[in-house]
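Below: one structure, written as structure tokens.
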Amino acid sequence: MTKTITFNELRRIKDSLPDGSITLIADKLNTTVQTVRNYFGGSNYEFGKNCGVHIEPGPDGGIVVLDDTTIYDMALEILQNQNKD
């Protein structure tokens, strides 16, 4: 399932995650930390992969189309669990 959000919204989610969340997501998905960082707007493809994130210029940092929302959904779940505590 694809999802369209703004780049700034995607970065806000990443920046709101508690310490260690990127590593936790990477471990659960058996991928590299850099791949998860690339998902959130990073661009180090020497140590990480592109994971279906397409960024188009536009307002609020541009438009981001996520081909696969698995990392996005995991990040939201972490944030929801953080707010319950």
Is the closest side-chain heavy-atom distance between [X] and [Y] below 4.5 Å?
X: V64; Y: L66; answer: yes
X: I63; Y: F7; answer: no
X: T35; Y: T32; answer: yes

Under the rule for side chain to side chain donor-acceptor pair (under 3.5 Å), what residues qualify as partners of D73, not counting sequence neighbours?
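So D73 forms a side chain to side chain donor-acceptor pair (under 3.5 Å) with T69.
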Which residues satisfy the side chain to side chain donor-acceptor pair (under 3.5 Å) test with D60, sequence neighbours excluded?
T6, N8
Extract all donor-acceptor atom pairs below 3.5 Å that involve side chains of residues 14-30 and protein atoms in other chains or at least two apart in sequence.
{"from": "S16", "atom 1": "OG", "to": "R12", "atom 2": "O", "distance (Å)": "2.7"}
{"from": "S21", "atom 1": "OG", "to": "P18", "atom 2": "O", "distance (Å)": "2.7"}

Taking atom [atom1] of [X] and atom [atom2] of [Y], what is their separation to the nearest 0.5 Å?
X: L76; Y: N81; atom1: CG; atom2: CG; result: 11.0 Å
X: F40; Y: R11; atom1: CZ; atom2: CZ; result: 9.0 Å
X: L10; Y: Y72; atom1: CG; atom2: OH; result: 8.5 Å

Surrounding CD of E77 (heavy atoms of other residues, nucleotides or ligands, distance under 6.0 Å), is the total greater than 12?
no
Show the nearest heavy-atom pair for residues Y39 and D68, with the distance to one decimal.
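Minimum heavy-atom separation between Y39 and D68: OH-O, 2.8 Å.
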